[in-house]
Amino acid sequence: MSSTPPGYHGRFLRVDLSARTAVAVPISGEVLRRFVGGSGLGTWILLQESRDGFDPLAAEAPLLFVFSPLVGSPLTTSAKFVVMGKSPLTQRINDSLSSSHFAIAGKKTGYDALVIVGAAEEPTCLVIEPESVRYEPAQAAWGLSSSAASETLSQQLGQGFRFAAIGPAGENLVRYATISHDGRHAGRGGMGAVMGAKNLKAVAVRGDRLTPFHDAEGLVALSKTLSKKSFGPATAKYRELGTAGNLLAFNRLAVLPTRNFQTSTFEGAATLAPEAMAVSHERTRASCAACTIGCEHIYHRHDNQAGVRMEYENLFALGPLCGIADPEAVLAASALCDELGMDTISAGATIAFAMECAERGFLKAADLRFGNSAAVLSMLKQIGARQDLGDLLAEGSRIAAARIGQNTSDFAPHVKGLELPGYEPRALQTMALGFAVGTRGADHNRSGAYEVDFSAQYDRLHAGPEVVAPAIETEDRAALMDSLILCKFLRGVLVDYHEELAEMLNLITGFGVTAAELRTTAQRIVTAKKLYNIRQGWTPAEDTLPARFLSDPLPEDSGPSGGANLSPTQLSELVAAYNLGRGWDRDGWIPASRLQELEAE
């Protein structure tokens, strides 16, 4: 396959900020078919563009914005892109997905991906259009939030541009800084710090280059059917309550991490739940670009500040995990994270870790106590500015624990440096496996293993080898969804998952892929991510959980999860079975024959 398939431009743009050069690099049709786009294509590019063992905050670090063949199509939820690179938080591969018109405008520049290396000498806005690449000064936007910076730069550049920008946290190299656009965030893993290290305040894109579809008529018909199905019962809970609707259910099952994972139920859950907040606060709904589901729930604070998008993860991390039951305080903390440009999960989890350190006498911070919302707001500001104790917490919980010492690493809530999302691993033990083996660290979007825990077929409190194959299946499905790229909320809409995804891809590209080929594609992408991590220094010892989760059972009074316990031997056997199930060796190293079989390089 030599010509560029429909749906693609067949090239990426490589920009060197230091040399101020830009070169179009061709991508073969064979590579596009093997890695699809989004997270898959980004992994292949990273493997080509990265030197082993480099510093993710060094000028040489590649920062990728990757699109997919589905971007620009009428398929619902397809206006997405992925930001990729080596995470300064984990030192491992990182892909953060987001939805906005930036994806559509970015692909219209005429490239399937933007690869940015080097560092500018002064604050810069990189401007990319089909026929030009410019480097505009961004001093006037430096220090501003991403939204304010985008407004300032829009006035400077003129109309029609879409911006991906960092806030003050990215400028100050907070290791979990985000990249934002239209109020949406590429949130996890600190890609905002990589951008800040390059003196790059924003990327502005504008273009008119469209890609053809292999079967436009068939694609329109399928898109109408998919949009209609997306209004059905499979997505009803997201429209009615949003993901925050998980809060009460998780509390009832005693899987809601509370006070730095010391317990799994929270006495203030009912106050924070969206059912209550919908009464206490004005609420509006919104949708991502090109989305028919409409899961966004925006709550308006009592002080008449701008509305705040509330999802389960920012609610859990800045609420129960820090012992905060005041919804107004959680909304204020979420808004502050957005303004500074910080991942709410890592920010909340790192502060919760510091609260436990302070309460146990390992850290001198008199006000930093569970339930003190003023202390949370103050600490967020310190982190964003890297001031006082915030300078330490800006490093994330893993590095902070290493510097505090006194065995605090035992309860620093991370895997590979990435803070855990809101799923208690002792009571969701398939998810514990998903966290441990995740290539970007503890993550619920790259492994949907919680689906296995919540199914009636498996015992979430006593996971054995029977959960490994379904756990791998959820990870493969996520890899495919993140490469196409589509919103994961659609997965419940699809009846024959791989057949329907193959039909979408074929209508756009004409590849003629089968469901079986897409299953192999997913395995290839997961293995390629692992290969990248190995080249960056991964060792088997990383695939585990902090000691707390392997030595301290949940309290006996934790309702249906009371006394839940996950032993080190149990987890290590699950990890070994996972590795073998992937075709790797028992420790997780990839045999050369498996790499060759999957064509993963």
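All heavy atoms count here, side chains included; hydrogens, waters and symmetry mates do not. Note that the structure is a prediction, hence the values are computed from the model and not measured.
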Phe316 and Tyr312 aromatic ring geometry - parallel, tilted or perpendicular at 30°/60° bounds: parallel

Qualifying ring pair (Phe, Tyr, Trp, His ring centres under 6.0 Å) pairs with a residue from residues 101-133, counting only residues at least two apart or across chains: Phe65-Phe102, Phe81-Phe102

Run the side chain to side chain donor-acceptor pair (under 3.5 Å) test against [X] and tell me which residues pass, sequence neighbours left out.
X	value
Ser150	none
Tyr532	Ser50
Ser230	Thr292
His444	Glu313

Does [X] have any side chain to side chain contact (heavy atoms under 4.5 Å, CB included) partners at least two apart in sequence or in another chain, and if so, which?
X	answer
Gln48	Trp44
Thr77	Cys291, Ile293, Leu486, Cys487, Leu490
Ala59	Ala119

Show the nearest heavy-atom pair for residues [X] and [Y], with the distance to one decimal.
X	Y	answer
Cys125	Leu157	SG-CD1, 4.2 Å
Arg440	Ser96	NH1-OG, 3.8 Å
Leu47	Ala600	CD1-O, 3.8 Å
Pro56	Ser87	CG-O, 3.7 Å

Lys/Arg-Asp/Glu bridge criterion (N-O < 4.0 Å) met for [X], [Y]:
X	Y	answer
Asp343	Arg188	yes
Arg386	Glu395	yes
Glu475	Lys529	no

Residues in salt bridge (charged side-chain N to carboxylate O under 4.0 Å, His left out) contact with Lys530, at least two apart in sequence or another chain: none

Ile166 and Lys201: CA distance, side-chain angles, deciding distance, side-chain contact (heavy atoms from CB on, under 4.5 Å) verdict: CA-CA 6 Å; Ile166 59 173; Lys201 181 64 180 180; 4.0 Å; yes

His185 side chain to Ser180 side chain, donor-acceptor N/O pair below 3.5 angstrom: yes

Inter- and intrachain pairs under side-chain hydrogen bond (donor to acceptor under 3.5 Å, both in side chains), touching residues 6-23, at least two apart: Arg14-Glu49

Salt bridge (charged side-chain N to carboxylate O under 4.0 Å, His left out) pairs, two or more places apart, involving residues 67-86: none

Residue pairs passing the salt bridge (charged side-chain N to carboxylate O under 4.0 Å, His left out) test where at least one lies in residues 111-121, sequence neighbours excluded: none

Option passing side-chain contact (heavy atoms from CB on, under 4.5 Å) with Arg446 (candidates Val437, Asp482, Thr439): Asp482

Spacing of CG belonging to Asn94 relative to CG belonging to Asp443, to within rounding of 0.5 Å: 8.5 Å

Flag side-chain contact, heavy atom, 4.5 Å: Arg175 against Ile399: yes

